[in-house]
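Worksheet: one structure, shown below.
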Amino acid sequence: MSKTRVSWEEYFMNIAKQVATRSTCDRKHVGALIVRNKTILSTGYNGSIRGIPHCDEVGHMMENGHCVATIHAEANAVLQAARNGVMIESSEVYITASPCWICFKMLANAGIKKIYYGEFYRDDKIFDVAKKIGIELVHIKVDQSQL
């Protein structure tokens, strides 16, 4: 009995979806996974600052329609790599939602070369800038009902 294996891209995005289940902001669950040479370097999900109560426990800190209490998943993945001394230059990131402008700039300056994303999340200026600086953006369809 032969079963078809999922592609590497599907495999890593499935793991990013699992990472998203740890999110503590109930407005949106996002997971991120930094990978190089088919090896996971770091993970992150959106949640509060360490030691601060989570949104899903105490409510949201809203500004301009967005919760600003949380740190985005891709930022947490980069921060986790930094805390653990893991070099992420020339790596790829898998995110269940496309990065916001601030996170995109952070990923670019961290040396991320390819961004795989699931759902599109509000900021289309990332596409023009990514093309200009040589970052490849790849959309992978993600079942949002699982997030």
Side-chain angles (χ1 to χ4, degrees), residues 6 8-130 132-147:
V6 297
W8 283 106
E9 292 80 12
E10 290 173 293
Y11 171 73
F12 289 127
M13 188 58 83
N14 286 340
I15 294 171
K17 289 186 330 190
Q18 190 62 39
V19 171
T21 66
R22 292 282 307 151
S23 294
T24 61
C25 183
D26 51 9
R27 287 177 45 87
K28 185 162 200 60
H29 293 172
V30 179
L33 189 75
I34 300 175
V35 174
R36 187 176 47 247
N37 299 328
K38 297 182 176 72
T39 301
I40 298 169
L41 303 176
S42 183
T43 65
Y45 53 86
N46 56 321
S48 297
I49 297 170
R50 290 175 190 253
I52 301 294
H54 300 294
C55 298
D56 58 5
E57 298 169 341
V58 296
H60 303 280
M61 184 186 304
M62 299 298 292
E63 288 182 12
N64 299 320
H66 299 289
C67 181
V68 296
T70 60
I71 301 169
H72 288 189
E74 51 272 60
N76 272 327
V78 169
L79 291 167
Q80 182 187 72
R83 285 177 63 103
N84 292 311
V86 177
M87 200 237 343
I88 59 172
E89 187 172 0
S90 299
S91 60
E92 305 173 338
V93 65
Y94 291 79
I95 317 166
T96 57
S98 61
C100 70
W101 177 237
I102 292 170
C103 287
F104 174 81
K105 293 186 295 182
M106 177 201 52
L107 293 170
N109 275 7
I112 303 292
K113 296 298 180 197
K114 192 179 240 183
I115 299 171
Y116 293 91
Y117 67 93
E119 157 190 23
F120 173 72
Y121 178 68
R122 84 175 174 176
D123 214 329
D124 59 5
K125 69 177 151 258
I126 66 173
F127 298 104
D128 288 335
V129 175
K132 287 178 187 172
I133 61 176
I135 293 177
E136 188 176 351
L137 291 170
V138 180
H139 180 239
I140 297 177
K141 210 163 183 73
V142 173
D143 182 358
Q144 295 299 313
S145 68
Q146 296 175 354
L147 300 179

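Lys125 NZ to Lys105 NZ: the interatomic distance, rounded to the nearest 0.5 Å, is 8.0 Å. The structure places CD1 of Ile115 at 5.5 Å from CD1 of Ile95, a figure rounded to the nearest 0.5 Å. To the nearest 0.5 Å, atom NE2 of residue His139 and atom CD of residue Glu119 are 8.5 Å apart. Taken from SG in Cys103 to CD1 in Ile126, the straight-line distance is 10.5 Å, to the nearest 0.5 Å. Taken to the nearest 0.5 Å, the OG atom of Ser48 stands 8.0 Å off from the CG atom of Asp56. Taking CD from Glu74 and OG from Ser98, the interatomic distance works out to 8.5 Å, rounded to the nearest 0.5 Å.
Counting heavy-atom neighbours within 6.0 Å of Glu89 CD, excluding the residue itself, gives a total of 12 or less. No more than 12 heavy-atom neighbours from other residues, nucleotides or ligands sit within 6.0 angstrom of CZ on Arg22. In this structure, Tyr11 places its OH atom where only 12 or fewer heavy-atom neighbours from other residues, nucleotides or ligands lie under 6.0 Å away. For Ile102, the CD1 atom is loosely surrounded, since the number of other residues' heavy atoms within 6.0 Å does not exceed 12. The number of heavy atoms from other shown groups lying within 6.0 Å of CG (Asn37) does not exceed 12.
Across every non-hydrogen atom of Tyr121 and Lys28, the tightest pair is CD1-CE, 3.7 Å. Looking at every heavy atom in both residues, Thr96 comes nearest to Val30 through OG1-CA, 3.3 Å. Listed here is the closest heavy atom pair of Gly31 and Ala20: N-CB, 3.3 Å. The two residues Leu41 and Ser91 have their closest heavy-atom pair at CD1-CB, 4.1 Å. When all heavy atoms are compared, the tightest approach of Val58 to Pro53 is CG1-CB, 3.6 Å. For the residue pair Pro99 and Phe104, the shortest heavy atom distance occurs at CB-N, 3.9 Å.
Contact check for His29 versus Thr21: no side-chain heavy atoms found under the 4.5 Å cut-off. A heavy-atom distance below 4.5 Å is not found between the side chains of Glu92 and Glu136. Proximity of Glu9 to Val138: side-chain heavy atoms (C-beta onward) are nowhere separated by under 4.5 Å.
Listed by chain and residue number, His60 satisfy the side chain to side chain donor-acceptor pair (under 3.5 Å) test with Asp26 (two or more places apart in sequence, or in another chain). The ring pair (Phe, Tyr, Trp, His ring centres under 6.0 Å) search around Tyr45 returns none, not counting sequence neighbours. Residues forming a side chain to side chain donor-acceptor pair (under 3.5 Å) with Ser23 (at least two apart in sequence, or on another chain): Asn46.
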query: Step by step, would you call Cys55 with Arg27 a side chain to side chain contact (heavy atoms under 4.5 Å, CB included)?
result: CA-CA 9 Å; Cys55 298; Arg27 287 177 45 87; over 6 Å; no

message: Run Val35 and Tyr94 through side chain to side chain contact (heavy atoms under 4.5 Å, CB included) and show every step you take.
response: CA-CA 8 Å; Val35 174; Tyr94 291 79; 4.0 Å; yes

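Side-chain atoms of Ser42 come within 3.5 Å of backbone N or O of Ala77 as a donor-acceptor pair.
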